[in-house]
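For reference, the structure is listed below as structure tokens.
Numbers here simply count residues along the sequence, with the first being 1. All values reported here derive from a predicted model rather than from experimental measurement.
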Amino acid sequence: MGAETMSKERAAKEDVPEEKAAVLHDRDIREPLFDFLEETYGKVRILEEKRMGSSRADIVMITPEAVVGLEIKSDADTYARLQSQIQDYEKYYDRNYAVVGTRHALHIRERVPEHWGIITVEPEEGKTDFYVLREAKNNPNVDWKKKLSILWRPELVHIQELNAMPAYKRNSKELVIDKILAKVPRELLGPQICEELFERDYDRILEQINAYRQENGMKKRRRRKRRRYKAI
């Protein structure tokens, strides 16, 4: 029996069409996922591979009302680090999604919290199709201090200005975050954080950071090569 015949029979036995047996890697998922998120959720901005505690979020999606984390598990990935990644996502983001290839689709419900959303990915006639298996619910475990730490100092300064707060220029970022959390209601602060991330300009923000550091007697930061991001 030829290899092609065996492949067809195996796909038939597993009730999986032959064209869907292809292995999807991260690179096959990431770019089409951006288009899917825009089409599905409207006004969004996408940031890639953002540091969160001891992990990196594959994708952070900003909407007008929420900061959303998305973890990609392609067919080539394992669950080895998933639990530690979930712990970090839970601290930083308002909602979270697992984006999984066909290999993981049957088991992902058992691996992520019930309030996590699930998006499945399948190759279909030369393209990549996405299906929302479960919408994400609000994360009850978000740590607002961690969430605010996503913002850079000039962005925190702007939030202080919006809420008629003192500048606290000589205080640490951590203390400023504590002051904001003590002053600003969460229902007001959430959209303000999203707006800052929507408006983030990586070139302009470096200039603002260096101006702030120079004013306060600190060394300037050097420009670093940053990871590509897509703004939608």
Side-chain angles (χ1 to χ4, degrees), residues 14 16-17 19-142 146-147 150 194 197-198 226-232:
E14 295 175 356
V16 177
E19 64 270 14
K20 293 188 179 180
V23 174
L24 285 174
H25 293 81
D26 185 286
R27 63 179 178 271
D28 304 315
I29 295 172
R30 194 171 290 258
E31 289 292 338
L33 178 59
F34 296 149
D35 294 332
F36 171 78
L37 294 174
E38 180 187 17
E39 293 168 1
T40 305
Y41 299 103
K43 181 185 177 183
V44 299
R45 182 175 187 181
I46 303 296
L47 308 176
E48 290 186 79
E49 302 205 354
K50 305 302 292 181
R51 173 63 64 183
M52 52 169 191
S54 60
S55 309
R56 283 187 182 273
D58 282 332
I59 294 173
V60 178
M61 178 174 69
I62 314 302
T63 75
E65 70 283 345
V67 182
V68 184
L70 295 101
E71 173 63 22
I72 299 172
K73 289 298 179 190
S74 73
D75 292 326
D77 291 327
T78 70
Y79 292 127
R81 295 186 299 118
L82 181 59
Q83 289 309 306
S84 63
Q85 289 168 327
I86 286 173
Q87 291 175 9
D88 285 327
Y89 276 98
E90 287 281 278
K91 295 172 186 174
Y92 281 82
Y93 306 120
D94 300 305
R95 299 175 200 141
N96 293 294
Y97 282 89
V99 182
V100 299
T102 306
R103 173 185 169 191
H104 300 300
L106 294 177
H107 310 288
I108 191 61
R109 289 179 184 269
E110 306 161 9
R111 302 280 183 167
V112 299
E114 291 185 0
H115 54 272
W116 275 50
I118 299 171
I119 298 173
T120 60
V121 193
E122 296 181 4
E124 184 75 34
E125 297 180 355
K127 62 177 183 175
T128 305
D129 280 349
F130 296 87
Y131 303 92
V132 179
L133 189 62
R134 185 170 75 192
E135 287 285 3
K137 298 177 182 177
N138 289 335
N139 172 19
N141 303 312
V142 63
K146 297 284 189 186
K147 181 180 170 182
I150 299 170
C194 293
L197 292 171
F198 261 119
R226 63 180 184 273
R227 293 181 181 270
R228 179 181 57 79
Y229 72 92
K230 179 176 180 179
I232 299 176

(request) May I ask you to check whether over 12 heavy atoms, not counting those of Arg51, lie within 6.0 Å of atom CZ? (result) yes
(request) State, to 0.1 Å, how close Pro113 and Arg134 come at their nearest heavy-atom pair, and which atoms those are. (result) O-NH2, 3.1 Å
(request) Look at the side chain of Asp35 and the backbone N and O of Pro32, then say whether any donor-acceptor pair between them is shorter than 3.5 Å. (result) no
(request) Answer yes or no: is there a side-chain heavy-atom contact under 4.5 Å between Tyr97 and Glu135? (result) yes
(request) Would you check if Phe36 and Ile29 make a side-chain contact, meaning some heavy-atom pair closer than 4.5 Å? (result) no
(request) Test Asp77 against Arg103 for salt bridge (Lys or Arg N to Asp or Glu O under 4.0 Å), laying out the working first. (result) CA-CA 9 Å; Asp77 291 327; Arg103 173 185 169 191; over 6 Å; no
(message) Out of the candidates Lys147, Lys137, Lys146, only one should pair with Asp94 under the salt bridge (charged side-chain N to carboxylate O under 4.0 Å, His left out) rule; please name it.
(response) Lys147
(request) May I ask you to test the Val68-Val60 pair for a side-chain heavy-atom distance under 4.5 Å? (result) no
(request) Measure across Tyr89 and Asn96 and return the closest heavy-atom pair with its distance rounded to 0.1 Å. (result) CD2-OD1, 3.3 Å
(message) Under a 3.5 Å cutoff, is there a donor and acceptor pairing between the side chains of Glu90 and Trp116?
(response) yes
(request) Kindly state whether the ring of His104 and the ring of Tyr79 have centres lying under 6.0 angstrom apart. (result) yes
(request) Consider only side-chain N and O atoms of Ser54 and Asp88, and report whether a donor and an acceptor are under 3.5 Å apart. (result) yes
(message) Would you say that Arg30 contacts Glu48 through its side chain, given a criterion of any heavy-atom pair below 4.5 Å between the two side chains?
(response) yes
(request) Give a yes or no answer on whether the side chain of Tyr93 reaches the backbone of Val142 with a donor-acceptor pair at less than 3.5 Å. (result) no
(message) Looking at Arg56 and Glu49, would you say the former's side chain and the latter's main chain have a donor-acceptor pair under 3.5 Å?
(response) yes
(request) Of all the heavy-atom pairs spanning Glu71 and Leu82, show the shortest one and how long it is. (result) CG-CD1, 4.3 Å
